[in-house]
Colleague: 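Got a structure for you, questions after.
Chain letters run A, B, ... following the sequence lines, proteins first, then strands; residues in each count from 1.
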Amino acid sequence: MSDNYKDTLNLPKTAFPMRANLGKREPSRVEHWEKIGLYQKLQDKNAGKPAFILHDGPPFTNGELHLGHALNKTLKEIVLRYKASQGFRTPYLPGWDCHGLPIEHKVTKELQAEGKDLPTAELRDKCDAFSEHWIDIQRSQFKRLGVLADWENEYKTKKPAYEAEILRTLASFVDQDLVYRSKKPVYWSIPCATALAEAEIEYKEHTSPSIWVAFDIPSKEQFGIEKPLSVVIWTTTPWTIPANLAVAVHPRLTYAFLEAGDAVHLVAKDLAEQFASDLGLEDWKIVKEIKGEELENVESRHPFIDRASPIVLADYVTTESGTGCVHTAPGHGQEDYMTGLKYGLDIYCPVNDEGKYDDDGQVPDFLVGESVLEEKGWVPANGKVLKALAESGALLKKVNYKHSYPHCWRSKTPVIFRAVDQWFVAIDKEGKRASALESIKDVKWIPDWGEKRITANVEARPDWCISRQRSWGVPIPAFYDDEGEAYMDAGVIKAIADKVATAGTNLWYTSTAEELLEGIELPESWQGKTLKAGTDTLDVWIDSGTSHFAVLKDNDDLAWPCDLYLEGSDQHRGWFQSSLWTGVIRAGQAPYKSILTHGFLVNEDGSKLSKSDGAMTLMHYMDKFGSDVVRLWIASTDFRNDVGISDNILSGVGNAYRLFRNTLRFQISNLFDFDYEKHALPIDELHELDRWAVHKVGELAAATEKAYDNYEFHKVFQLCNQFASVTLSSLYHDILKDRLYTLAPDHSLRRSSQTAFYHIFKTFVRILGPIMPFTADEAWSYFTAGEDFTEDALVLQDWPSEAKEWQDENLANDFIELFAFRDKVNEKLETLRSAGEIGRSLDAYVSIAGNPDAEDFQRLQRYEHALEELFIISRIELTDQSASELSVAATKATGGRCPRCWRWEPQLSNGTENTELCSRCAEALKNA
RNA sequence: GGUCCCAUAGCUCAGCUGGUUAGAGCAUCGUGUUGAUAACGCGAGGGUCGUUGGUUCGAGUCCAACUGGGACCA
């Protein structure tokens, strides 16, 4: 029966699917965007406007994208889409970091498996192809994520023009006389045969043999000691003993002469007890004490090499472990090196590139050729050294010791510290460090602690070791004569850069030195020398640190310095810093105006994610949840801290996604017969409820704009979420169904609501756009064109600034009170409902009694005409009741239920037609 | 070990310059509707604000230490 009337209702209609099926449907939207040239359209739209330049940090091109990449790129995307909607010109050139050890390592391994050993130039070709392969994959995955960018003009650190720029950066360093060559202890990976940057090292638990070694002090009489005297050192790297040149003590510590049995040992007094217990000494006593500084230059003897090992003073000696007497090998440790320089000791390193002892005339025969590399938990050199120490009686004790030790990130083997010739950039020369620190202050750091962090990093960093003994990178343009003397010149480098700009750096590996230098004017000191080209490559941090020159500078479309760098907080030590140094040295200032950082991905419980987890790949999540859900997840979190990820979290985001989608869908579907030009009412003529709803979306627009401006996307998310679930779904939409469905299509109230829907949709969808561009664009297409795709894409629409004008605080305050009162009504209705008296709220009548002098009751009276609708009930009754508190009562409705609108009336229509209907429905149908 | 960051309901977040019984959305449970229907409404439960001290008349909010987690560095 009532089904007939259903057909007379204006029920919502839309082709916009309820089910998103994102994993499947998003790719076709990517295709559509490409087809219509959306990126270019966006640039054209804002052409000539002020620019907002975000400079893209290049991901390393050696594998599948994972969620961390998505986090970073999505944040950039959100920023740019938002800025574009604000009318900024937002050219976006994505980039790729192509050179580097991890790629070379992988490629070399593949070649090894095939039994091939290629010449450098061919190896580099393979590396090139390898990175290109991953660039293609990564690019398509970024596109799949929805990244709208200038993929035609992406930058790559391996492109010839870019490589030339890297060399020019180096040339500017050389020009300012900052580059020097020096023997210096560096981390050295034996399997990779290369020095490692700090960034290439990871610390892991490691078990080393810790040993106590006695260094005999012949001149014991000067201390009044008769029994044999020795100073005792403690070390966890026995293989460095052959390189020992000194024993360091702290000048202000007190040292004890500890007599036990037939020997006297010199150790720090505070550690004497520990020492005795470590060695299991039972009968011991301190026979004398002495200040560390009095021990300076006392001679001790190397335990098995005929060589003096003087006692030296050093502030870094502590009493936290060991004996307070520190084994010092200047060629094998940073601090030892400093001490060596101070005392004029040789920077002695008898270990060669392969990690084996050299035959240098000092290393005993039994050690020559022994390896210091640990293989299967065994270090051959340690064994031999321990044996020699034991034979000489110097080894007091050996016990296995577990500690955190640096490992090569690639080969996973323990690294060694070893002095080799390297190229360095002098950080403190010409006040460069001071300039860098000064430049930091000109940058806006978000969050603000970033400034503290990079300042600490810049203050603490040692000179920049820029050479690597690798092939896949930009060659260091240095030449060597027959004596091994190095030649480097800024003019020559610039000239070579010009050649590289067209030929690429492979030139270095396919040409002789003469060919390389052909046509280049050589400095005087180079004349007449037979020169060979060097084989080192540059630290890849110079590669990426040069991007702002290679990409931004001299590009009229872009800007230098740029507005924003946006990367993970680890880049305070990495890219932010390398870019800062190159910027400051070569151009006198930081290349960025602001830095925004995000945290790291962690599990739901806050623990670290394992990077090797295959399920972390971006495509896994694209297929399972779709890009918009992933993006919404990113937007929902406060990314300045660590970002949690789990199925639980994502399914929560999935709920929010469905809420947004259905909200948009509900609005579109109720606008099916609405033509803005024909039916819209002016904002100030809208019915008060609609006026209120329009106010609310204006409020939302203002709040989200502020949040976007502050890069607080999680606030955008929270605001939108509450807007959709409370303001719309629970209140406005629910209340409006009656009007939209049951009134005559052209009824002014219905058109009023549709006008509001229209504005709310247009505003809300644009607010959501940067965060969930696929769904927003899809909804936009259905809204504007009634179909899945449109050329006039959502991202081309400007920010809904007009919405701010719609706010009406007085009206809003009334509604806050009315809706608060609505909660009280709902409680009463719920009581009726659980008593089984009513089902939907329309089945109830509500009566309210209150004091006509009270403000809240007056407000209800003022809005009496709207209350039935607001509370979604069939009848409201206000009763004056002086001197009493406001009271609410709900009863089951009486009379008849209109089969069309389901509202109850005491008496249904007794008109001539449709006699079983309520008067309003009868009226609605009359005009149909 | 050092520097820095974080810690509020199962989840994601609010809680401004310290001030009555700590909020929201989601999730959960109960329930209604079947004219947004793999959707929507209504109601309810759920937090000793990481711990311990301190400052204060009063602290989630300030200070210190500790615990846990994270980043970077040694």
Colleague: When the ring planes of A:Tyr741 and A:Phe666 are compared, do they come out parallel, tilted or perpendicular, using 30° and 60° as the limits?
Modeller: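 Plane angle over 60°, so perpendicular.
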
Colleague: Could you work out, with side-chain contact (heavy atoms from CB on, under 4.5 Å) as the rule, every residue matching A:Asp788, not counting sequence neighbours?
Modeller: A:Arg25, A:Arg29, A:Glu778, A:Tyr782

Colleague: Take A:Asp638 and A:Ser569, find for each the nucleotide of RNA chain B with the closest heavy atom, and name the residue whose nucleotide sits nearer the 5' end.
Modeller: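 Upstream on the strand: A:Asp638.
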
Colleague: Between which residue ranges does RNA chain B form stems of three or more consecutive Watson-Crick or G-U wobble pairs, both distances under 3.5 Å?
Modeller: B:1-7 with B:67-73, B:10-13 with B:23-26, B:28-32 with B:40-44, B:50-54 with B:62-66

Colleague: Anything under 30° is parallel, anything over 60° is perpendicular, the rest tilted; go ahead and classify A:Phe576 against A:Tyr565.
Modeller: tilted

Colleague: Do any N or O atoms of the protein come closer than 3.5 Å to N or O atoms of nucleotides 63-66 of chain B, and which pairs are they?
Modeller:
none

Colleague: Can you tell me how far C1' in B:U20 sits from the matching atom in B:C26, rounded to whole Å?
Modeller: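 It works out to 29 Å between them.
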
Colleague: Just jot down the side-chain contact (heavy atoms from CB on, under 4.5 Å) partners of A:Glu699, sequence neighbours excluded, or say none.
Modeller: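 Result, side-chain contact (heavy atoms from CB on, under 4.5 Å) vs A:Glu699: A:His695, A:Lys696, A:Gln807.
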
Colleague: Check if the side chain of A:Arg19 and the base of B:A38 share a donor-acceptor pair of N or O atoms closer than 3.5 Å.
Modeller: yes

Colleague: Using the 3.5 Å cut-off, write out each protein N or O paired with an N or O of nucleotides 30-34 of chain B and the distance between them.
Modeller:
{"unit_1": "B:G30", "atom_1": "N2", "unit_2": "A:Glu830", "atom_2": "OE2", "d": "3.4"}
{"unit_1": "B:G32", "atom_1": "O2'", "unit_2": "A:Gly839", "atom_2": "O", "d": "3.1"}
{"unit_1": "B:U33", "atom_1": "O2'", "unit_2": "A:Arg840", "atom_2": "NH2", "d": "2.9"}

Colleague: For nucleotides 20-26 of chain B, give me every protein contact, N/O to N/O, under 3.5 Å, one pair per line with atom names.
Modeller:
{"unit_1": "B:A24", "atom_1": "O2'", "unit_2": "A:Gln722", "atom_2": "OE1", "d": "2.8"}
{"unit_1": "B:A24", "atom_1": "O2'", "unit_2": "A:Gln722", "atom_2": "NE2", "d": "2.9"}
{"unit_1": "B:G25", "atom_1": "O3'", "unit_2": "A:Ser725", "atom_2": "OG", "d": "3.2"}
{"unit_1": "B:G25", "atom_1": "O2'", "unit_2": "A:Asn721", "atom_2": "OD1", "d": "2.2"}

Colleague: Considering only the C1' atoms, how many Å lie between B:C49 and B:U21, rounded to the nearest integer?
Modeller: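 Looking at atom C1' only, B:C49 and B:U21 are 15 Å apart.
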
Colleague: Can you tell me the distance, in whole Å, between the NZ atom of A:Lys608 and the P atom of B:A71?
Modeller: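 Nearest whole value for this atom pair: 4 Å.
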
Colleague: Please report the distance separating the C1' of B:U8 from the corresponding atom of B:G68, rounded so that it comes out in whole Å.
Modeller: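 About 16 Å, rounded to a whole number of Å.
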
